[in-house]
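Data block below; observations after.
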Amino acid sequence: MRTPLPAALVLALIATSAATSTAAAARRADREVIEHLLSRLTYGPTAEDRRHVEEIGIPAYIDEQLDPAAIDDGAFGKHLASLSTLRSASPSLMATFNPPKMQYTPSLLPVLLCTMPAPPLNIVKKPPAPTAVIVSELQQAALLRAVYSSRQLYERLVNFWENHFSININKERMYVTTFDRDVIRPFALGNFRALLGATAHSPAMLFYLDNWQSSAGGGAADGRPLRGGGSVNENYARELLELHTLGVDGGYTQRDVEEVARCFTGWSIYKVDEAGLFLFDPTRHDDGEKRVLGHRIPPGGGIADGEMVLDILAKHPSTARFIATKLARMFLSDEPPPSVVKRAAAVFLSSNGSIKETVRAILESREFASRGNYGKKMKSPFEYAASALRALNAQTDGGPALFDWIAR
């Protein structure tokens, strides 16, 4: 016969088993929380990411990612070293990639032109480098950053803002590099008003929405006739209100669109095909009084008219709600809880449009940690490819072959 175990030992074994089960369940729960966090803040969890979060804790990891400048990402630079267009300014890109120009060179010395009939001219065509290189290198850089950069939350927000302030990558090929590098990246986790101002001054945005031709009178900034007769163009004004700030239900009217368009007349581009730099042309600006969303824009303001509009929009409650909703949709679910949107919008307003603090309010909310939001987001083809590469610790140059598969 077996000797029965003492009751105290049985109870101890039961307690140990229960404690072990509880600890195992806690570890599983912790892993699920970490997986959820990394799935939203990064392009996809890696084994190194998991170990790092386990080591420093979730709050510290959120703080770290919200301060990308403090993250040592020096080793990543080697991945972009060969992409020379990323370091070029618009005038340099235009000089290299613009369509070929006819150059006429006389076949005889100029002194002979005074005494002889005009000689035949030799047409010299300078073949350009294909403009597709600009787009290709920018796409390649985006994928390499998504896969290898340690500043994962920052890269996700760069992607978010480039979708929010969208342009046409094929229409603005000469401008897309500076749009990414000089307009979006410096402000992706900064101040919304500064980001809004950078996009408003961006030749890429002015060209995409035809505001560079919007005029209350006069000719083009470089002396050429304006395409379309030089009338006031409402494209940028409408997109600014509907998609960049207030949202489609943000409380503006058609009259507001018209008045905002008047405020941005003269916001143009200097030498659109050669320099591609922002220019304010006072001869094309409507300097009369305007009224936008109940605010009076006094006459004679010049470029300040547009700046006043940006100030009004950046501080508007509808803008706070619209931006908070889109960010909550990015980090939580396609239908984010109104409670988290309300709190994030309040932080947006109280922090004077701090993107960092608005994002923090969402990531540290109880709604973000709710299990009901786990696995509620679908990856885009780009995100799917990046996350697969990260999960496998794979090596890639981010080249055209991979983007061909992503496009398919």
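In this text the structure is predicted, and so the values were computed from the model without any measurement. Residues: numbered from 1 along the sequence shown. Below, each value reflects all heavy atoms present in this structure, side chains not excepted, and no hydrogens, waters or symmetry copies.
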Worked check of side-chain contact (heavy atoms from CB on, under 4.5 Å) between T85 and L138: CA-CA 8 Å; T85 63; L138 198 60; over 6 Å; no
D49 vs T46, side chain to side chain donor-acceptor pair (under 3.5 Å): CA-CA, chis, key distance, verdict: CA-CA 5 Å; D49 289 333; T46 66; 3.0 Å; yes
Verdict with supporting geometry, L37 and I62, side-chain contact (heavy atoms from CB on, under 4.5 Å): CA-CA 9 Å; L37 176 80; I62 292 175; 4.0 Å; yes
Check against side-chain contact (heavy atoms from CB on, under 4.5 Å), I167 and M205: CA-CA 6 Å; I167 59 172; M205 188 65 69; 4.0 Å; yes
Criterion side-chain contact (heavy atoms from CB on, under 4.5 Å) on V183 and T178, from CA distance to verdict: CA-CA 7 Å; V183 175; T178 53; 6.0 Å; no
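Inter-residue side-chain proximity for V260 and L313 is flagged as unmet; no heavy-atom pair is nearer than 4.5 Å. Residues M174 and P203 are not in side-chain contact: their nearest non-hydrogen atoms beyond the backbone lie 4.5 Å or more apart.
Enclosure of atom CZ in R87 by more than 12 non-hydrogen atoms of other residues, nucleotides or ligands within 6.0 angstrom is indicated. Heavy atoms from other residues, nucleotides or ligands lying under 6.0 Å from NZ of K342 number 12 at most. Remark: Q254 CD is packed, more than 12 non-hydrogen atoms of other residues, nucleotides or ligands lying under 6.0 Å away. For CD of E48, the number of neighbouring non-hydrogen atoms (other residues, nucleotides, ligands) closer than 6.0 Å is 12 at most. Within 6.0 Å of atom NZ in K315, 12 or fewer heavy atoms from other residues, nucleotides or ligands are found, so the atom counts as exposed in its surroundings.
Atoms CG and OG, from L277 and S268 in turn, are 11.5 Å apart once rounded to the nearest 0.5 Å. To the nearest 0.5 Å, the span separating CG on D256 from CZ on R238 amounts to 11.0 Å. Of the inter-residue distances, the one linking D182 atom CG with F187 atom CZ reads 9.0 Å to the nearest 0.5 angstrom. The OG1 atom of T199 sits 7.5 Å away from atom CG of L240, with the distance rounded to the nearest 0.5 Å. A distance of 6.0 Å separates CH2 in W212 from CZ in F207, rounded to the nearest 0.5 Å. Separation of atoms OH (Y175) and OH (Y208) is listed at 15.5 Å; rounding is to 0.5 Å.
The ring-ring contact (aromatic ring centres under 6.0 Å, His included) contacts involving residues 337-356 comprise F192-F348, where partners must be two or more places apart or lie in separate chains. The salt bridge (charged side-chain N to carboxylate O under 4.0 Å, His left out) analysis of residues 343-353, with sequence neighbours excluded, yields the pairs R343-E367.
What you find for H79 and L144 is that their closest heavy atoms are O-CD1, 3.3 Å. For H316 against L349, the heavy-atom pair with the smallest separation is O-CD2, 4.1 Å. In terms of heavy atoms, L195 sits closest to W161 at CD2-CD2, 3.6 Å. Closest approach of S150 and D73 over heavy atoms only: N-OD1, 2.9 Å. Contact record, D287 with G301: OD1-N, 3.4 Å, taken as the closest heavy-atom pair. When all heavy atoms are compared, the tightest approach of A237 to V257 is CB-O, 3.5 Å.
Between the side chain of K290 and the main chain of H295, no donor-acceptor pair closer than 3.5 Å is present. Between the side chain of E64 and the main chain of I71, no donor-acceptor pair closer than 3.5 Å is present. For the pair E289 (side chain) and I297 (backbone), a donor-acceptor distance under 3.5 Å is absent. At distances below 3.5 Å, not a single donor-acceptor pair connects side-chain atoms of Q152 with backbone N or O atoms of Q65. The backbone N or O of G250 sits nowhere less than 3.5 Å from a side-chain atom of R321 that would complete a donor-acceptor pair. Judged by distance alone, with hydrogens and angles left aside, the side-chain atoms of R284 form no donor-acceptor pair with the main-chain N or O of A216 at under 3.5 Å.
With respect to E357 and R360, a salt bridge is recorded, a charged nitrogen being found less than 4.0 Å from a carboxylate O. Remark: E307 engages R193 in a salt bridge, criterion side-chain N to carboxylate O under 4.0 Å. The existence of a salt bridge linking R31 and E54 is excluded, since no basic side-chain nitrogen approaches an acidic carboxylate oxygen closer than 4.0 Å. Contact check on E259 versus R262 returns a salt bridge, with a Lys/Arg side-chain nitrogen under 4.0 Å from an Asp/Glu carboxylate oxygen. Taking the charged nitrogens against the carboxylate oxygens, E155 and R185 do have a contact shorter than 4.0 Å, which makes a salt bridge. Taking 4.0 Å as the cut-off between side-chain N and carboxylate O, K171 and D210 count as a salt-bridged pair.
Ring-plane geometry between F160 and H164 is classed as parallel, the angle between the planes falling under 30 degrees on a 0 to 90 degree scale with a further cut at 60. Ring geometry for F368 versus H36: interplanar angle of 30 to 60°, hence tilted.
Between E383 and the options R40, R390, R156, a salt bridge (Lys or Arg N to Asp or Glu O under 4.0 Å) holds for only R156.
When ring centroids are compared, W267 and H285 stay outside the 6.0 Å threshold. The aromatic ring centres of F322 and H244 sit 6.0 Å or more apart.
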For residues 395-407, please give each side-chain donor-acceptor pair under 3.5 Å, one per line with the distance, not counting sequence neighbours.
from	atom 1	to	atom 2	distance (Å)
T396	OG1	G398	N	2.9
D397	OD1	G399	N	2.9
D404	OD2	R408	NE	3.2
D404	OD2	R408	NH2	2.8

